[in-house]
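Down below is the structure, laid out as structure tokens.
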Amino acid sequence: MIKLEPNYNPAEIEDTWYVFWDGNGYFRPDPDPEKKPFCIVIPPPNVTGSLHMGHALNATIQDILARWKRMTGFKVLWLPGMDHAGIATQNVVERELSKEGISRYELGRDAFIGRVWKWKAEYGGKIIHQLKKIGASCDWTRERFTLDEGLSRAVREVFVRLFDEGLIYRDNRLINWCPRCHTALSDLEVEYEETEGKLYYIKYPLADGDGYITVATTRPETLLGDTAVAVNPEDPRYEQFIGKVLNLPLTHRKIPVIADPAVDSAFGTGAVKITPAHDFNDEAMGKRHKLPSISVITEDGKMSAEAGEKYKGLDRYACRKAVINDLKDEDLLESEKRHVHSVGHCYRCKTVIEPLLTIQWYVRIESPAAEAVQAVKDGKTRFIPDSWDNNYYAWMRDIKDWCISRQIWWGHRIPVWYCPECSNDKGVCQGDLIEHIFYKPVEFGNGRVVNGGTYSELRKSGFSHEEIIRDSKIIHVSKSVTPFCRREDLAECPSCGSRHIIRDPDVLDTWFSSALWPFSTLGWPDKTEDLKTFYPTSVLVTGFDIIFFWVARMLMMGLKFMEDVPFRDVYIHALVRDAKGQKMSKSKGNVIDPLVMIDKYGADAFRFSLAAFAAQGRDVRFSEERLEGYRHFINKLWNATKFIIRNEESWTKQPPAGMEPDLASKWILSRLAFTVDEVNRNLEDYRFNDAANSIYHFVWHEFCDWYLELSKPVLYQEDSTGKTAMVNCLFFVLEKSIQLLHPIMPFVTEEIWKDVFGKEDSIMLSRYPSGLPRFIAAEESMEYVINAITGIRSIRGELNISPSLEIKADIKTLTEKAEAVLNSNLDALKKLTRCKEIRIGGKVERLKGSAVSVMNEMEIYVPIEGLLDIKNEINRLFKEMAKLDESLSFLNKKLRNEDFINNAPKAVLEKDKAKFSDLVNKREKIEENMKLLESIEKNGG
RNA sequence: AGGCGCGUAGCUCAGUGGGAGAGCGCUACCUUGACACGGUAGAGGUCAGGGGUUCGAAACCCCUCGUGCCUACCA
């Protein structure tokens, strides 16, 4: 006997089923060579991360696809893993260290990295367990980490090959620098925020003669690094100043006034100070005019020696104050105004970015980008929705070389070595070009203290090579030092054979390794079976915010190293916002925790909500209210199941093909077939909301509302011939429904499957419904039944006839077909309308004092005389007439329009004509009835 | 400033040329033998506004207003 709990309790079964699936290897791809591959690589979440709504939506969509494809006969691989998240992870561990009062520099590089691995083992990857909670059917045996051995090998291979091709190079230029994280950042890792600051107006006196030029700046402290003042050549105010020399305030330097059309005369005073070492526009200007660059700010965000003895060592903001005070003292500060402008912040720690002149590693992006653009243009990869194409093209057009080096420790170390004992191509000893800064000053016995210096100097001072390496906090290697890039760690200089070689201290941008994710996770550079089978992957599911960070880079790397795109489709899903449409953020306090939702409502309801919300091209507004609604849906499904299994003894487990179904059964089978087609099509088109809604509608409003109710008269009869067929049909439709639902709601459907059907080991192994037969004639016939029932119910409802009151009804049928169909469903009609008697037929006459409802091919009469006030019915009919008149006048106008008759497609014309005559007919009937009722009323009837 | 969206029922949103849909909410009635996490019946819309194309526009084009995001600039 089938047993089912009285209420569905998700918490009790979800974990059990998950362990069951995973333990039985159902998440692993079927090795069957006949099956076509379907592969998704997960966008690797940060190892530091915990699941938020965006992840939840992302994972739900991938899981729907994976489960659906598995059930439709594909060998599915959903490959999970995590990203080492260089800066973020390093920050987490540094924070931990600072609680113990130590910095990473005190710990040293190797010990620090050990500490991070330890942290990862203990706390990292929380998100993996959370993904399991929502039911993600990832193949955990293939889980990867961007820093694991295999992926590191891939990173190294890629770096070496790009280096050898000259696509990777070092250069000294201005980059975004985070003084707190102490590393370079790529353009994308800078977030601009509107910030209120001040615009300071500063006088720059002419070097000879009187007068001055006033410049406006938001960053007075960079004045110390100015190397010019620029004006627009067209600006008459400054014409006579061009080429003159100014005394740079607070310094003893003299700087020229130059003319450049890039200067906006309308902004500030129309004269702008130029600091090529600390501003991107100024850098460009400096290049055009061959101005020197003076770096006055260091990597710690403090003023350098170049800033002058007085300011050296001051924090940049302290220096700003000092400079302003000093300018005031010299009467050079003309004024200051409030000024709102956008300021770059580090995307990891929110510290204000400092543009700094440093040597970094870059990838030449132009030709890979062109290929990646072409691949999308050629349709080798398509974005869904395709509105993202343009964004992608636009960004790729403006793309700049990618800065891939980071001055942190947690990451893939750049596989490049330098020899301090060789001379470079200009004959300079390279040891003179490599500078070391020690963690802490090293004291000699004689009281001499050394903070660092060039390699050569340090060696001369008596430091051994090993000591220098051990004690170096920072190593600056000049651009002119020859790099050796190798797949294997280098032990000696390939040129001179010295064992005293220095490895490049930088690590790679995390995105460098994630760009390889679609093939590195499948085993590349080895030619593995997985790689052969699953590359290119089928679809990438991700949010639009990382199209540039990640998707574009994967395309470039995939095309370069696999000679094919990494994925066929890119499904871009929405951002999850709160119910008011605001971005969720910790500071706003409107964050919804997916795990809390799962606890409260179950993973299935949660997943269903996300799917139902996920309309293409629109943000998701998550509301708990709707989530609750979908929990009700599960409850509905559960209770329907309870109802169905009560008839277990009549269940012969025969498919509907072997039965002679009654009309209702044929109808529901046809509706099921329709839904199955719709769901498959919608999933094919990534229309998850439509797929979810169409199952919802079918299960609730067709299967439960109509079919279950229609089955009752048959099931409650002691000895009904149709009973077995009907019960089989009930079970069949239930079975197909839960299969249809499984990709969206895996847990409850498995529970029902195992409890009720228990065929295959798991619903996951069953075949997804598709290609069921439609019965259009049955659907048309059912219209009569539904219309008749709805008609009678409407009268009851609108006239407020108590549901407990059993009434009589008459249906005058206008066609034989209607009569036949209704007659053969008389029991259902009576049951569903709570009528004790219904007369059906072409000769049925309307009884005096009846309420009326006119439908296609039938007129419905409910005698109400004596039951209630006839006035109510007259009112009701009056309202309906008004509605009919409105429609009629509209159609009439249309049908008398000759242009319409001549131009509209014939089908449309015919449809409207038919509609018109139907309405005319209906109106006549109603009018007739109204007159009758009115006469009864007058006669005191 | 440039680009991309959005504006449809009280709320959240479907609807890519033939006269308006769903879910939730709301109203009335109902403990009808799966389900009150339910049932039945209702109410509710100048599809932001204006103009155009068309026989016909919520849909296509233009303008305006409102709103969101992205990119750039912000000395």
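Below, all heavy atoms of this structure are taken into account, side chains as well, without hydrogens, waters or symmetry copies. Note on naming: letters A, B, ... go to the chains in the order of the sequence lines (proteins, then strands), and numbering restarts at 1 for each one.
- Sequence order on RNA chain B of the closest nucleotides to A/N390 and A/D690 puts A/N390 first from the 5' end.
- Using a 4.0 Å cut-off, no side-chain N or O of A/S804 falls inside it from OP1 or OP2 of B/C30.
- Comparing B/G52 with B/G10, their P atoms are spaced 29 Å from each other, to the whole Å.
- Side chain of A/N635, nearest nucleotide from B/C37, B/U40, B/C29: B/C37.
- When the side-chain nitrogen and oxygen atoms of A/H701 are compared with OP1 and OP2 of B/G23, one or more of them lie within a distance under 4.0 Å.
- Put simply, A/K879 has no side-chain N or O that comes within less than 4.0 Å of OP1 or OP2 on B/G42.
- Pair assignment for B/G5: B/U67, on the basis of Watson-Crick or G-U wobble contacts that are both within less than 3.5 Å.
- Judged by distance alone, the side chains of A/T275 and A/K273 do bring a donor and an acceptor atom under 3.5 Å apart.
- Nearest nucleotide to the A/F890 side chain, out of B/G19, B/G18, B/A41: B/G19.
- Checking B/C35, B/G19, B/G15 against the side-chain heavy atoms of A/R687 singles out B/G15 as nearest.
- For A/Y696, a side-chain nitrogen or oxygen approaches OP1 or OP2 of B/C24 to under 4.0 Å.
- When the C1' atom is used for both B/C62 and B/U27, the distance is 44 Å, rounded to whole Å.
- Side-chain polar atoms of A/K894 and A/N897 form no donor-acceptor pair below 3.5 angstrom.
- When distances run from any side-chain atom of A/D705 to the nucleotides B/G19, B/G39, B/U12, the shortest one goes to B/G39.
- If you measure from atom CG of A/L829 to atom C1' of B/U32, you get 17 Å, rounded to the nearest angstrom.
- In this model, the phosphate group of B/A34 is not approached by any side-chain N or O of A/Y707 to a distance below 4.0 Å at OP1 or OP2.
- For A/E334 and A/Y200, the side-chain atoms include no donor-acceptor pair closer than 3.5 Å.
- Base pairing annotation: B/C60 forms a Watson-Crick or G-U wobble pair with B/G52, both donor-acceptor distances under 3.5 Å.
- With a cut-off of 3.5 Å on both Watson-Crick or G-U wobble distances, the partner of B/U16 is given as none.
- B/A41 atom P lies 10 Å from atom CD of A/E798, rounded to whole Å.
- Between A/E194 atom CD and B/C69 atom C1' there is a gap of 15 Å when expressed in whole angstrom units.
- In the set B/G18, B/C29, B/A34, the nucleotide with an atom closest to the side chain of A/P803 is B/C29.
- Across every strand in view, B/A34 sits unpaired, with no contact that passes the Watson-Crick or G-U test at under 3.5 angstrom.
- One finds no side-chain N or O of A/H632 lying less than 4.0 angstrom from the OP1 or OP2 phosphate oxygen of B/C35.
- Side-chain proximity of A/R834 to the nucleotides B/C55, B/U32, B/A43 is greatest for B/U32.
- Under the stacking definition used here (centres under 5.5 Å, planes under 30°), the residue A/W638 fails to qualify as stacked on the base of B/A34.
- Spacing between B/A58 and B/G51 at atom P, rounded to whole Å, works out to 13 Å.
- Here A/F383 and A/W388 keep their ring centres 6.0 angstrom or further from each other.
- If you check distances only, the side chain of A/E709 does reach the base of B/A34 with a donor-acceptor pair under 3.5 Å.
- Spacing between atom CZ of A/F643 and atom P of B/G39 amounts to 14 Å, rounded to whole angstrom units.
- Atom CG in A/D264 sits roughly 12 Å away from atom C1' in B/A1 (whole-Å rounding).
- With both pairing distances under 3.5 Å, B/C26 is matched to B/G42 as a Watson-Crick or G-U wobble pair.
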task: Report the C-alpha distance between A/N693 and A/N689 in whole Å, list the side-chain angles of each, state the deciding distance to 0.1 Å, and finish with yes or no for side chain to side chain donor-acceptor pair (under 3.5 Å).
output: CA-CA 6 Å; A/N693 286 332; A/N689 59 324; over 6 Å; no

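- Here the two rings, on A/Y696 and A/Y630, have centers that are under 6.0 Å apart.
- Put simply, CG on A/D389 is 15 Å from C1' on B/G5, counting in whole angstrom units.
- For B/C37, its base never sits under 3.5 Å from the side chain of A/K636 at any donor and acceptor pair.
- For the OP1/OP2 pair of B/G33 and a distance below 4.0 Å, the side-chain nitrogens and oxygens of A/R646 include no atom meeting the criterion.
- Annotation for A/F878: atom CZ does not count as buried by contact number, only 12 or fewer foreign heavy atoms lying within 6.0 Å.
- Rounded to an integer number of Å, the gap from CG of A/N9 to P of B/C37 is 16 Å.
- Checking B/C55, B/G33, B/G38 against every side-chain atom of A/W700, the shortest atom distance belongs to B/G38.
- Taking atom C1' on both B/G17 and B/A36, the two are 44 Å apart, rounded to the nearest angstrom.
- Closest approach to the A/V908 side chain among B/U12, B/G18, B/C55 is made by B/G18 (side chain taken as heavy atoms from C-beta onward).
- Using a 4.0 Å cut-off between a side-chain N of Lys or Arg and a carboxylate O of Asp or Glu, A/E221 and A/R316 do not qualify as a salt bridge.
- Using atom C1' as the reference point in both B/C70 and B/G39, the two lie 49 Å apart (nearest Å).
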